[in-house]
Amino acid sequence: MEIKRVNKQGYRKGLIVKKVKALALLSGGLDSTLAVKLILDQGIDVEAVNFVTPFCLCGKSGCGASEVAKKFNIPLKVISVGEDYLRVVRNPKYGYGKNMNPCIDCRIFMLKKAKKYAKEIGASFIFTGEVLDERPMSQHRKALSIIEEEAGLKGKILRPLSAKLLPETEAEKMGWVDREKLLDIRGRSRKRQIELAKQFGITEYPTPAGGCLLTYKEFASKLRDLFNHKNRVSLRDVQLLKFGRHFRFGRNKIIVGRNEAENRVLLQVKAANDYYFEAQGCGSPITLLQGPKTKEAVGKAAELTAFYSDQKTGEVLVKFGRNSLDKSMKVSVPSKEDVEKLRIK
Ligand code: SF4
């Protein structure tokens, strides 16, 4: 849309110029939602991009970002990242946070993609909902600066919630946005964001963080184990980490379903070479055995199947095979202690 707009940098009054467009990195959380609102309120066209990683927890395409985009009536592009993202998670230049979350590298990765997309849609600048010092790893001053430099966006990322505490960005220098109307929020308290949300009539937003499996200790152990034992990690390998109980026996990985739904998933995602196991004559999980099918590994997988079956003592008949349950063996139910020794934790 073409409108009349006066630009501080010298567009004359009455000159017909194209409305400035900006690209928002929209997670769907409160901070990025507020950032969108602040920029829209400056009369700027906003489009948004949302990244879905294999580690997103929300389970919806676009997380809460679709609702926010709908609410503000702005276009949203959802980008699902794949194996190139896994390579970043495996070898982050700037290391991990508390668990397996490579937040600095992750932001660089996303901003590089956002930069490309901004060019495609003709956005003059990119903005995010980042708040100075809100997150220990990726939102302190030095990290913010590293992120923009590595993404090839030095001085070009606007953080409307903390802009007044940060160096002027291109968007402010060019007069595309009015710095005076930007904010100076800093730190982990969300008090000001919650007040602003009230003021703007934003009532629904997810709780902060919690949306990324890489920040969870249990999941991080499973991912670390996967990286330690497999050279080429696929998205399927990562998907599998989300289901079942995971055990390590030398070069073997054993996964035991926790319920009917997981049993079905395990059978669906089972690779051609995996064995699957099921105890007979009682309620039983489905167990997958990955790696070399040695006698010992098959025995361990059968024992774990027996342990989680409804038969709690004595000998259990466990059937197993590659394409069908065409082999069987009798095993004793192992002790809890022995089971725990194999658990990945
Ligand atoms: S918490 Fe997860 S999604 Fe968020 S920046 Fe860190 S690694 Fe990326």
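By convention here, the first residue in the shown sequence is residue 1. As the structure is a computational prediction, the values presented were derived from the model and not from experiment.
The closest donor-acceptor contact from the side chain of Y117 to the backbone of A48 lies at 3.5 Å or more, if one exists at all. Between the side chain of K217 and the backbone N or O of N99, no donor-acceptor pair lies under 3.5 Å. The main-chain N or O of S221 is never found under 3.5 Å from a side-chain atom of H246 such that the two would form a donor-acceptor pair. Judged by distance alone, with hydrogens and angles left aside, the side-chain atoms of N252 form a donor-acceptor pair with the main-chain N or O of Q290 at under 3.5 Å. Judged by distance alone, with hydrogens and angles left aside, the side-chain atoms of Q139 form no donor-acceptor pair with the main-chain N or O of M137 at under 3.5 Å. The backbone N or O of P285 sits nowhere less than 3.5 Å from a side-chain atom of N263 that would complete a donor-acceptor pair. Under a 3.5 Å cut-off, the side chain of R179 and the backbone N or O of A163 do form a donor-acceptor pair. Side chain of R236 to backbone of V269: a donor-acceptor contact under 3.5 angstrom is found. Within the 3.5 Å criterion, the main-chain N or O of P54 finds a donor-acceptor partner in the side chain of K242. In this structure, the side chain of K319 does not engage the main chain of L325 through any donor-acceptor pair within 3.5 Å.
In terms of heavy atoms, A297 sits closest to I254 at O-CD1, 4.4 Å. Nearest heavy atoms, S138 versus L144: O-CD2, 3.5 Å. Nearest approach of E172 to V177, heavy atoms of both residues: CG-CG2, 3.6 Å. Of all the heavy atoms in V256 and L304, the pair that sits closest is CG2-CB, 4.1 Å. Across every non-hydrogen atom of L40 and I44, the tightest pair is CD2-O, 3.7 Å. When all heavy atoms of F307 and P334 are compared, the closest pair comes out as CD1-O, 3.3 Å.
The aromatic rings of F247 and Y308 lie tilted to each other, with the angle between the two planes from 30° to 60°.
Note on V265 and V238: separate hydrophobic clusters, where clusters join Ile, Leu, Val, Met, Phe, Trp and Tyr whose side-chain heavy atoms are under 4.5 Å apart, directly or indirectly. One hydrophobic cluster holds both V131 and V68 under the rule that ILVMFWY side chains link at heavy-atom gaps under 4.5 Å. One hydrophobic cluster holds both V339 and F249 under the rule that ILVMFWY side chains link at heavy-atom gaps under 4.5 Å. Transitive grouping of hydrophobic side chains (ILVMFWY, heavy atoms separated by less than 4.5 Å) keeps L161 and L166 in distinct clusters. The cluster map of Ile, Leu, Val, Met, Phe, Trp and Tyr, joined by side-chain heavy atoms under 4.5 Å apart, puts L266 and L289 in different clusters.
Atoms CG and CZ, from N101 and R135 in turn, are 10.0 Å apart once rounded to the nearest 0.5 Å. Rounding to the nearest 0.5 Å gives a distance of 10.0 Å between CD1 of I74 and CG of D45. Atoms CG and OG1, from L86 and T53 in turn, are 9.0 Å apart once rounded to the nearest 0.5 Å. Here the CD atom belonging to E150 is positioned 10.0 Å from the OG atom belonging to S145, to the nearest 0.5 angstrom. In this structure, CZ in R258 is found 7.0 Å from CZ in R245, a value given to the nearest 0.5 Å. To the nearest 0.5 Å, the span separating CG on L132 from CG on L183 amounts to 13.0 Å.
Between E149 and K154, at least one side-chain nitrogen of the basic residue sits less than 4.0 Å from a carboxylate oxygen of the acidic one, meeting the salt-bridge criterion. Contact check on K70 versus E67 returns no salt bridge, with no Lys/Arg side-chain nitrogen under 4.0 Å from an Asp/Glu carboxylate oxygen. Salt bridge present: R107 and E130 bring a charged side-chain N and a carboxylate O closer than 4.0 Å. In this structure, D338 pairs ionically with K341, as a charged nitrogen and a carboxylate oxygen lie closer than 4.0 Å. Classification of K77 and E47 as a salt-bridged pair fails, no side-chain N sitting under 4.0 Å from a carboxylate O. Between K113 and D84 there is a salt bridge, since at least one side-chain N of the basic residue sits less than 4.0 Å from a carboxylate O of the acidic one. Note on R232 versus D237: no salt bridge recorded, every NZ/NE/NH1/NH2 to OD/OE distance being 4.0 Å or above. Using a 4.0 Å cut-off between a side-chain N of Lys or Arg and a carboxylate O of Asp or Glu, R343 and E340 qualify as a salt bridge.
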**OP:** Any chance you could lay out the side chain to side chain contact (heavy atoms under 4.5 Å, CB included) test for I344 and E218, step after step, and finish with the verdict?
**Re:** CA-CA 8 Å; I344 297 169; E218 243 183 56; over 6 Å; no
**OP:** With salt bridge (Lys or Arg N to Asp or Glu O under 4.0 Å) as the test, would you mind laying out the steps for K300 and E303 before giving the verdict?
**Re:** CA-CA 5 Å; K300 282 292 168 205; E303 282 176 15; 3.8 Å; yes
**OP:** Under the salt bridge (Lys or Arg N to Asp or Glu O under 4.0 Å) rule, what do K173 and E170 come out as? Steps first, then yes or no, please.
**Re:** CA-CA 5 Å; K173 286 181 189 158; E170 185 182 60; over 6 Å; no
Original post:
Can you list the steps and then say if Y94 with I108 is a side chain to side chain contact (heavy atoms under 4.5 Å, CB included)?
Top reply: CA-CA 10 Å; Y94 293 97; I108 294 167; 3.9 Å; yes
**OP:** Evaluate the side chain to side chain contact (heavy atoms under 4.5 Å, CB included) criterion for residues L223 and L213: first the C-alpha distance (whole Å), next the side-chain angles of each, then the deciding distance (0.1 Å), finally the verdict.
**Re:** CA-CA 10 Å; L223 185 63; L213 273 170; over 6 Å; no
Subject >> side chain to side chain contact (heavy atoms under 4.5 Å, CB included) assessment of I157 paired with T169 >> reply: CA-CA 7 Å; I157 302 172; T169 63; 5.9 Å; no
Original post:
Are D184 and R192 close enough, and set up right, to give a salt bridge (Lys or Arg N to Asp or Glu O under 4.0 Å), and what steps lead you there?
Top reply: CA-CA 10 Å; D184 57 354; R192 281 186 68 194; 2.8 Å; yes
**OP:** Apply salt bridge (Lys or Arg N to Asp or Glu O under 4.0 Å) to the pair K71 and E204, showing each step before the final yes or no.
**Re:** CA-CA 11 Å; K71 180 178 168 64; E204 280 179 34; over 6 Å; no
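Geometric assessment of K270 against the ring of Y276 yields a negative cation-pi assignment under the 6.0 Å and 45° thresholds.
Put simply, the residue from R186, R188, Q193 that forms a side-chain hydrogen bond (donor to acceptor under 3.5 Å, both in side chains) with E134 is Q193.
Residue-environment remark: CD (E195) exceeds the threshold of 12 foreign heavy atoms within 6.0 Å.
Checking D178 against Q42 by side-chain atom types alone, no donor-acceptor pair falls below 3.5 Å.
With ring centers used as reference points, F219 lies under 6.0 Å from F55.
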